[in-house]
Amino acid sequence: MSHVQPTLLVRKVHPQAELPRRMSAEAAGMDLAACLPDGPVELAPGERRLIPTGVAVAIPSGHEGQVRPRSGLALRHGLSIVNAPGTIDADYRGELKVILVNLGAAPFVVAHGERIAQLVVAPVVFPAVVEVQDLPAAARGDGGFGSTGV
Ligand SMILES: O=c1ccn([C@H]2C[C@H](O)[C@@H](COP(=O)(O)OP(=O)(O)OP(=O)(O)O)O2)c(=O)[nH]1
Ligand SMILES: [Mg+2]
């Protein structure tokens, strides 16, 4: 990679936690592993569970973390994330957790160390909120929700 690489500071909340890991040089997401030292967790079809990762991070200021599903688990098992993409604030120092949901037809067992999600770090802006009586005119106006046809 030719650009300057910023740093993601990571603290293990649990000694058996896995660090977020980029699986290819330019992977957008760093995989997050489940931290389940007390044993695997089973999700029944339709069930959701808060799965700990055992790590806390300091997202670089001016950025957010997005916790996204992994496509392989989604395709093979119907596994998703209820609040996808989960939002990790740059000023959050608690343990990263993933709200997994089993949308598949079979029970899904989450094992310790299994990569269950991916963390994407993306820039955000912090606009001041200013109330106005009229918004600036724009081409689309209030057309939405299919207004351009199919
Ligand atoms: O999938 C997620 C989503 C959030 N968080 C953590 C980091 C985030 O900074 C914090 C708050 O998340 P969010 O703002 O989405 O939740 P909320 O329901 O608005 O809680 P709060 O009142 O704490 O902001 O919870 C996670 O660990 N995983
Ligand atoms: Mg919030």
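Read the numbers this way: they start at 1 and go in the same order the structure lists the ligands and their atoms.
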- What do the steps show when you test V41 against V109 for side-chain contact (heavy atoms from CB on, under 4.5 Å), and what is the final call? CA-CA 6 Å; V41 165; V109 176; over 6 Å; no

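- Judged by the shortest distance from any of its heavy atoms, V98 lies outside the 4.0 Å radius around the atoms of ligand 1.
- When distances from atom 27 (O) of ligand 1 to the protein are checked, a heavy atom turns up under 4.0 Å.
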- Task: Under the side-chain contact (heavy atoms from CB on, under 4.5 Å) rule, what do V110 and R49 come out as? Steps first, then yes or no, please.
- Result: CA-CA 10 Å; V110 186; R49 291 283 284 267; over 6 Å; no

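- Formation of a donor-acceptor pair under 3.5 Å by the R70 side chain with backbone atoms of R115 is found in this model.
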- Any chance you could lay out the side-chain contact (heavy atoms from CB on, under 4.5 Å) test for V67 and L96, step after step, and finish with the verdict? CA-CA 9 Å; V67 179; L96 298 186; 5.7 Å; no

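- Looking from atom 14 (O) of ligand 1 to the surrounding protein, the closest heavy atom is D89 OD2, 4.1 Å.
- Smallest separation of non-hydrogen atoms from H14 and P37: NE2-CG, 3.2 Å.
- Here the heavy atom of the protein found nearest to atom 13 (P) of ligand 1 is T87 O, 4.5 Å.
- Remark: side-chain polar atoms of K12 are paired, donor with acceptor, to backbone N or O of A17 under 3.5 angstrom.
- R21 places no side-chain N or O within 3.5 Å of a backbone atom of E18 that could act as its donor or acceptor partner.
- Atom numbering of ligand 1 starts at 1 in the shown order; those under 4.0 Å from a heavy atom of L96 are 27 (O).
- Using a 4.5 Å heavy-atom threshold, the side chains of D89 and T87 count as touching.
- Listed by number with element, the atoms of ligand 1 under 4.0 angstrom from any heavy atom of E95 are 27 (O).
- Proximity to G86 (heavy-atom distance under 4.0 Å) selects the following atoms of ligand 1: 1 (O).
- Closer than 4.0 Å to atom 24 (O) of ligand 1 lies none of the heavy atoms of the protein.
- Protein non-hydrogen atoms do reach within 4.0 Å of atom 5 (N) of ligand 1.
- Counting only heavy atoms, the protein gets under 4.0 Å from atom 9 (O) of ligand 1.
- Shortest contact from atom 1 (O) of ligand 1 to any protein heavy atom: N83 ND2, 3.1 Å.
- Atom 2 (C) of ligand 1 has as its closest protein heavy atom K97 O, 3.5 Å.
- Of the protein's non-hydrogen atoms, Y92 CD2, 3.3 Å is the one closest to atom 7 (C) of ligand 1.
- The closest donor-acceptor contact from the side chain of Q118 to the backbone of L32 lies at 3.5 Å or more, if one exists at all.
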